[in-house]
Amino acid sequence: MTLSGIAPDNFAFPAVLKAVTSLQDLNLGKQIHAHVVKFGYGSSSVTVANTLVNVYGKCGDKGDACKVFDGIIERDQVSWNSMIAALCRFEEWELALEAFRSMLLENMEPSSFTLVSVALACSNLLKRDGLRLGKQVHAYSVRMSECKTFTINALLAMYSKLGEAEYSRALFELYEDCDMVSWNTMISSLSQNDQFMEALEFFRLMVLAGFKPDGVTVASVLPACSHLEMLDTGKEIHAYALRTNELIENSYVGSALVDMYCNCRQVSSGRPSVRCEAFSDKESIHGYVIKRGLEKNRYVQNALMDMYSRMGQTQISETIFNSMEVRDIVSWNTMITGYVICGRHGDALNLIYDMQRVKEKTNMNDNAYDDEGRVPLKPNSITFMTILPGCAALAALAKGKEIHSYAIKHLLAFDVAVGSALVDMYAKCGCIDLARAVFNQIPIKNVITWNVLIMAYGMHGRGEEALELFKNMVDDGSRNKEHVAILGW
DNA sequence: CTAGGGTTAG
């Protein structure tokens with residue numbers, strides 16, 4: 001078009017930029033942005049600018065997303081929605097909410113698009129703040145009639161991520177226009193909250209309601225079969241997937257299947273070929289994965305590594321890990337776990353140090369990406385939960401302290417799960433007072449946090465204090481119970 | 001032009 005001398009207009013640019021977004025090609029986006037400016041649409045068209053905010057949001061350039069947004073003279077609702085969604089993609093939850101407040105201050109009416117992003121931001125705050133703000137979003141959505149299902153689904157996910165699965169459930173049952181995503185959200189929320197029987201029950205009800213399970217459904221319900229070791233149910237779902245081509249080629253489904261069969265001990269150990277009775281005698285899980293063309297998929301590779309490590313074949317996990325073209329945080333965590341399982345704590349610790357140096361290819365960059373679009377990997381709470389038992393097992397106090405400071409640096413030391421693991425580590429390294437100090441700093445404790453410290457005092461022969469803690473634990477539990485009925489309205 | 005659901009441990 002441009003070669004034949006026809007100038008693109010404010011209809012051509014959004015269309016072509018949408019293609020750029022799908023391709024995740026930041027450089028191409030920047031080139032087209034240059035053309036936008038050259039052809040005079042740099043500040044004359046809100047639509048084009050909004051599209052650019054979206055391009056930079058999805059291709060991972062926080063700076064330019066903000067720059068384009070700031071340069072829009074007459075921002076419309078879509079401008080705000082795009083900016084707030086982009087901030088969510090960059091996990092800038094506070095900034096997203098701040099943008100939302102500014103939007104309201106400019107008397108711009110939020111839409112369901114806005115609420116979906118804001119609900120997502122709320123679900124990533126601390127529980128107390130998230131619930132307080134999230135309920136306001138919920139209230140607003142009740143007053144708004146436009147496109148409700150999207151908002152409801154975002155709220156379902158939000159409540160369960162904030163640990164209020166019961167709210168999600170009540171909301172789901174109250175709302176009548178549930179779609180596939182609503183059902184899938186419920187099933188995955190229940191699965192993620194360890195309510196596996198309930199997840200399977202919802203799955204059954206979903207099928208009864210006439211919905212055809214898709215890849216997300218299957219990938220959400222298989223972990224429930226896996227944890228409950230309900231092999232027959234898992235096989236039924238596997239059979240269903242086999243009858244549906246697009247399901248069995250789905251990499252999430254593939255990795256969930258590997259995990260399920262592994263967890264149900266349907267693998268006869270030995271060598272790279274891991275046999276599984278659910279397939280034919282000669283077929284291994286790994287072979288099956290290869291047959292389905294899933295062996296290069298990151299999710300499947302992660303599941304395979306986990307499987308081999310559990311079977312005492314950590315060296316095969318290593319081979320997979322080293323051969324992977326793209327590794328995400330789960331790959332690293334799984335490899336670390338593999339080392340911890342087989343007692344190679346030193347290797348596990350080394351991996352944590354490697355992680356701080358290595359950059360992985362990603363399309364979700366912030367400002368710190370290099371020329372090849374790579375960023376340093378950020379550890380998450382699972383990383384610390386995985387490595388700390390290794391320190392505890394070795395009674396490696398110095399290493400444990402290093403990990404502790406690393407956790408502080410990543411703002412994860414006060415997380416319940418990480419905090420509990422730290423308490424355990426200090427206790428097992430003989431530092432009961434440090435364990436106590438860390439315990440005191442954990443703002444929201446769960447039953448594991450308390451158990452770990454009580455056990456620590458028990459092990460250190462300080463029974464009186466253990467009993468005292470047990471009493472406090474019961475008090476703390478009843479104090480923190482929230483009795484809020486939110487869904488009667 | 002903008003939106004919701006899926007993988008890792010214990």
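Being a predicted model, the structure only gives us computed values, none of them experimental. Proteins get letters first, then strands, A, B, ... in listed order; numbering begins at 1 in each.
In this structure, CG of A:Leu87 is placed 14 Å from P of B:dA3, rounded to the nearest angstrom. As rounded to whole Å, 13 Å separates atom P of B:dA3 from atom CD of A:Gln77. The distance between atom CD of A:Gln192 and atom P of B:dG10, rounded to the nearest whole Å, is 17 Å. A:Tyr339 has its OH atom 17 Å from the P atom of B:dA9, to the nearest Å. Atom pair A:Asp194:CG and B:dT8:P shows a separation of 11 Å (rounding to whole Å applied). Atom CG in A:Asn50 sits about 14 Å away from atom C1' in B:dA3, given to the nearest Å. Atoms CD1 (A:Ile84) and P (B:dC1) sit 20 Å apart, rounded to a whole Å. In this structure, A:Met355 atom CE and B:dT8 atom C1' are separated by 12 Å, rounded to whole Å.
Here the nucleotide nearest the side chain of A:Val116, chosen from B:dC1, B:dG6, B:dA3, is B:dA3. In this structure, of B:dT2, B:dG6, B:dT8, it is B:dT2 that holds the atom nearest to the side chain of A:Ser82. Proximity note for A:Asn81 (side chain, C-beta onward) versus B:dG6, B:dT7, B:dT2: the nearest is B:dT2. With B:dC1, B:dT8, B:dA9 as the choices, the nucleotide that has an atom nearest any side-chain atom of A:Val78 turns out to be B:dC1. Here the side chain of A:Asn333 is nearest to one of B:dA3, B:dC1, B:dT8, namely B:dT8. Between B:dT7, B:dG6, B:dG10, one nucleotide has an atom nearer to the side chain of A:Ile448 than all others, and that is B:dG10. With B:dA3, B:dT8, B:dG6 as the choices, the nucleotide that has an atom nearest any side-chain atom of A:Ser112 turns out to be B:dA3. Here B:dT8 is the nucleotide among B:dT2, B:dT8, B:dG10 with the atom lying nearest to any side-chain atom of A:Asp306. When distances run from any side-chain atom of A:Tyr299 to the nucleotides B:dG10, B:dC1, B:dT7, the shortest one goes to B:dT7.
Residues forming a side chain to side chain donor-acceptor pair (under 3.5 Å) with A:Ser123 (at least two apart in sequence, or on another chain): none. Residues satisfying the side chain to side chain donor-acceptor pair (under 3.5 Å) test with A:Asp306, not counting sequence neighbours, are A:Arg310. When the side chain to side chain donor-acceptor pair (under 3.5 Å) test is applied to A:Asn54, the partners found at least two apart in sequence or on another chain are A:Lys58. By the side chain to side chain donor-acceptor pair (under 3.5 Å) test, A:Tyr299 pairs with A:Tyr252, sequence neighbours left out.
Between A:Lys58 and B:dC1 there is no side-chain polar atom (N or O) within less than 4.0 angstrom of OP1 or OP2.
Using a 4.0 Å heavy-atom criterion, one finds that A:Thr386 contacts no nucleic acid atom at all. Here A:Asn302 lies in heavy-atom contact (under 4.0 Å) with a base. Across all strands, A:Ser117 comes closer than 4.0 Å to no nucleic acid atom at all (heavy-atom distances). Among the heavy atoms of the strands lying under 4.0 Å from A:Asn54 are primed sugar atoms or P, OP1, OP2 only; no base atom is included.
With a 6.0 Å cutoff to the six-membered ring centre and a 45° limit on the axis angle, A:Lys62 does not count as a cation-pi contact of A:Tyr56.
Looking at A:Thr337, its side chain has no donor and acceptor atom pair within 3.5 Å of the base of B:dA9.
Here side chain to side chain donor-acceptor pair (under 3.5 Å) pairs that include residues 190-216 of chain A, with residues two or more places apart or in two chains, are A:Asn184-A:Asp214, A:Glu201-A:Arg204, A:Asp214-A:Thr217.
A heavy-atom distance below 4.5 Å is not found between the side chains of A:Pro379 and A:Ile352.
In this structure, A:Arg344 pairs ionically with A:Glu318, as a charged nitrogen and a carboxylate oxygen lie closer than 4.0 Å.
Residues from residues 210-218 of chain A lying near DNA chain B, meaning a heavy-atom separation below 4.0 Å, are A:Asp214, A:Gly215, A:Val216 in numerical order.
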